[in-house]
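Remarks on the structure that follows.
All residue numbers refer to positions in the sequence shown, counting from 1.
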Amino acid sequence: MPLIILAQITAAPGKEEFLQGELEKLVAPTRAEEGCVQYDLHRDNGNPGFFVFYEIWESRDLWQAHMNQPHLEAFRAATEGAVAEFQLNEMSKIA
């Protein structure tokens, strides 16, 4: 059964544009990964510091492999102090 990931990221004040740029860098390499079915980045229209990744992975194991990729490690290092809040939900489609 596919795994749905909802990742919600809130930028620290003044870091909105910087964080968007860093998040955008994740899209192409992630979409090329084994098991990635969908990986879409969204920005809230009323709150420019709030971002959401909607992801679909073939399996939890392949998503876990994604979480250890070098481009995610580089993102975490580059954005230290730029993320005010991060929430991740692992979900299953029910209807």
From [X] atom [atom1] to [Y] atom [atom2], the distance as rounded to the nearest 0.5 Å:
X   : Y   : atom1 : atom2 : answer
Q8  : F53 : CD    : CZ    : 12.5 Å
Y54 : L41 : OH    : CG    : 15.0 Å
Q69 : L26 : CD    : CG    : 11.5 Å
N45 : F50 : CG    : CZ    : 12.0 Å

Would you call [X] and [Y] a side-chain contact if the rule is heavy atoms closer than 4.5 Å?
X   : Y   : answer
E90 : W63 : yes
T10 : Q87 : no
I4  : E55 : no

Could you report the tightest heavy-atom contact between [X] and [Y], atom names first, then the distance?
X   : Y   : answer
P2  : I56 : CB-CG2, 4.1 Å
Q38 : D40 : NE2-OD2, 2.6 Å
G81 : A12 : O-CB, 3.6 Å
N47 : D44 : N-OD1, 2.7 Å
L72 : M67 : CD1-CA, 3.6 Å
K93 : A95 : CE-O, 3.3 Å

Does a side chain donor of either E16 or Q20 reach within less than 3.5 Å of an acceptor in the other side chain?
no
Salt-bridge present (E17, R43; N to O < 4.0 Å):
yes
According to the interplanar angle, ranging from 0 to 90°, do the rings of Y39 and W57 count as parallel (below 30°), tilted (30 to 60°) or perpendicular (above 60°)?
perpendicular
Let me check something: do V27 and F86 share a hydrophobic cluster, defined by ILVMFWY side-chain heavy atoms less than 4.5 Å apart, either directly or through other members?
yes
Do L88 and F51 belong to the same hydrophobic cluster, where Ile, Leu, Val, Met, Phe, Trp and Tyr are linked whenever their side-chain heavy atoms lie under 4.5 Å apart, directly or via other members?
yes
Between T79 and A82, is there a donor-acceptor pair closer than 3.5 Å when you use the side chain of the first and the backbone of the second?
no
Step by step, work out the side-chain contact (heavy atoms from CB on, under 4.5 Å) result for R76 and E22.
CA-CA 10 Å; R76 286 189 279 271; E22 293 300 310; over 6 Å; no
Do other residues, nucleotides or ligands put more than 12 heavy atoms under 6.0 Å from the CE atom of M1?
no
